Protein chains: 2
Amino acid sequence: MNQDSILRSLVADNLVSDPAGARGRLLHEAAKLFRDKGYERTTVRDLAAAVGIQSGSLFHHFRTKEEILKAVMVETIRLNTALMQAAVDAASTHREKLQALIRAELESINGQTGEAMAVLVFEWRSLSEESQVYVLELRDIYEQLWLDVLETLRQDGVLAADPFVVRRMLTGALSWTVTWYRPDGGLTLDDLTAQVVAMMGLTSL
Amino acid sequence: MNQDSILRSLVADNLVSDPAGARGRLLHEAAKLFRDKGYERTTVRDLAAAVGIQSGSLFHHFRTKEEILKAVMVETIRLNTALMQAAVDAASTHREKLQALIRAELESINGQTGEAMAVLVFEWRSLSEESQVYVLELRDIYEQLWLDVLETLRQDGVLAADPFVVRRMLTGALSWTVTWYRPDGGLTLDDLTAQVVAMMGLTSL
DNA sequence: TTACAAACCAAGCGCTTGCTTGGTATTGTC
DNA sequence: GACAATACCAAGCAAGCGCTTGGTTTGTAA
């Protein structure tokens, strides 16, 4: 299962919009705008212009502006949960599984889905409370993947800290890369992954 | 130099507003509102109401709404730079200096200045570009403190990763605590500091 | 060709926003 | 007690916002 086939499978199940379709294109542009300007500063006119339609026409596809934000977040989580699951499954040892997770999350944050991931981190408060509840449930599945792997490492005696705390620290550390990491800065994602592993004192893979 | 005397000294030098004064109170309330609702969602009417005046009266103290955001950020950085400097100076060994920095930053993020620190992290994009440049300069001083300490640890052979990358990872990890850490959750800030140190494999202090 | 729904446009409504204005209390100073 | 500076209020303006409306085009299938 490579990344493309995972995406296609999700599209087929209607869990993620086809990036080539009208809805998918809008969500992609919306993610870009939301990341660059913030949700509040992005107007429905901006969103409409980005896909070449009138602002009013947006409301044919989405009932409210917030529904667009929610869709961006929901689809991003769905895609990334699937990608993470695949990354874990592909790795064999516990340490490799962690490394695979770190690498995959860095990829999510700084690669194709980067805009949407940044939105997930920084535009959380712009979601209505009920949407937050829904998105949070999806996120729990995603988080459990991490916690399971970290727990095994703890039992192996490789990790000294609490898995729960470690995961939250890693969430922050990895999310934050979106604010400073640039692929063309002489540091590849593999390098970055290695740095994180080194920082945790787990270099001896 | 305890925290209170540091604050008083900054107030005396007019680098930070007196928390008891009109301006200081407004900035404190603004930080709270900006954190809770976001800068864009907070109206000048909200800000005025929080200190019991009319919205128009705000513009007697600040020329624009954005100037309020900028002031919150600038004063927070000034205060925290001084606090960090004191924390480093008070510690003796290299490891203790790092631990002191971590502890101090956790305190900043989750203690008294927590609202303002959260604003600094999450409302960055709402600053005008020229304000960003100014705030960034202040931040560099602050960051240099960290880099110096991390570099010594690297030379000691205790830290395997690049100080620059480590600092950025720590920035993310520590900032992120604002989204999940609650002092009443059975985990003290000392515990949390210990967890971070443990996560970095530096437990043997 | 006809029928019908999905996709879209042009216009604008009602409301909220940041900020301005002209004037009135309050405070500090000699 | 005079006088200015400071702090504030009450009212509202211009612009921009999310979203609605009524009508037109486009795509699809019999």
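Each chain gets a letter, A, B and so on, in the order the sequences are listed, and its residues count up from 1. Only a predicted model underlies this, so the values are computations on that prediction, with no experimental measurement involved.
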Exercise for the section: Run the salt-bridge test on A/E123 and B/R125 with the 4.0 Å N-O cut-off and return the result as yes or no. Expected result: yes
In whole angstrom, give the distance that lies between atom [atom1] of [X] and atom [atom2] of [N].
X	N	atom1	atom2	answer
A/I53	D/dT25	CD1	P	18 Å
A/H60	D/dT24	NE2	P	18 Å
B/I68	C/dC19	CD1	C1'	12 Å

Side-chain donor/acceptor pairs under 3.5 Å, residues 19-28 of chain A, sequence neighbours excluded:
from	atom 1	to	atom 2	distance (Å)
A/R23	NE	A/S17	OG	2.9
A/R25	NH1	A/A20	O	3.3

Fill in the blank from the handout: By salt bridge (charged side-chain N to carboxylate O under 4.0 Å, His left out), A/K70 pairs with (sequence neighbours left out) none
Exercise for the section: Take atom OH of B/Y142 as the centre, draw a 6.0 Å sphere, and report whether it contains more than 12 heavy atoms from other residues, nucleotides or ligands. Expected result: yes
Extract all donor-acceptor atom pairs below 3.5 Å that involve side chains of residues 110-118 of chain B and protein atoms in other chains or at least two apart in sequence.
from	atom 1	to	atom 2	distance (Å)
B/N110	ND2	B/L106	O	3.1
B/N110	ND2	B/T177	OG1	3.2
B/T113	OG1	B/S108	O	2.9

Completion exercise
Nucleotide by nucleotide, nucleotides 13-19 of chain D touches protein heavy atoms under 4.0 Å in the pattern (B base, S sugar-phosphate only, - none) ----SBB
Handout entry: Contacting residues from residues 13-31 of chain B, given that a heavy atom lies under 4.0 angstrom of DNA chain D
Key = none
Practice task
Ignoring backbone atoms, test whether A/H61 places a side-chain nitrogen or oxygen under 4.0 Å from the OP1 or OP2 oxygen of C/dC8.
Solution key: yes
Handout entry: Below 4.0 Å: OP1/OP2 of C/dA7 and any side-chain N or O of A/S57
Key = no
Completion exercise
Closest to the side chain of A/Q54, out of C/dA7, C/dA10, D/dT6, is C/dA10
Completion exercise
Taken in chain and number order and not counting sequence neighbours, the residues that satisfy ring-ring contact (aromatic ring centres under 6.0 Å, His included) with B/Y181 are none
Practice task
Flag the pair A/F34 / A/L47 as yes when at least one side-chain heavy-atom distance between them is below 4.5 Å, and no otherwise.
Solution key: yes
Handout entry: Note, B/F59 side chain near B/V44 side chain (heavy atom, < 4.5 Å)
Key = yes
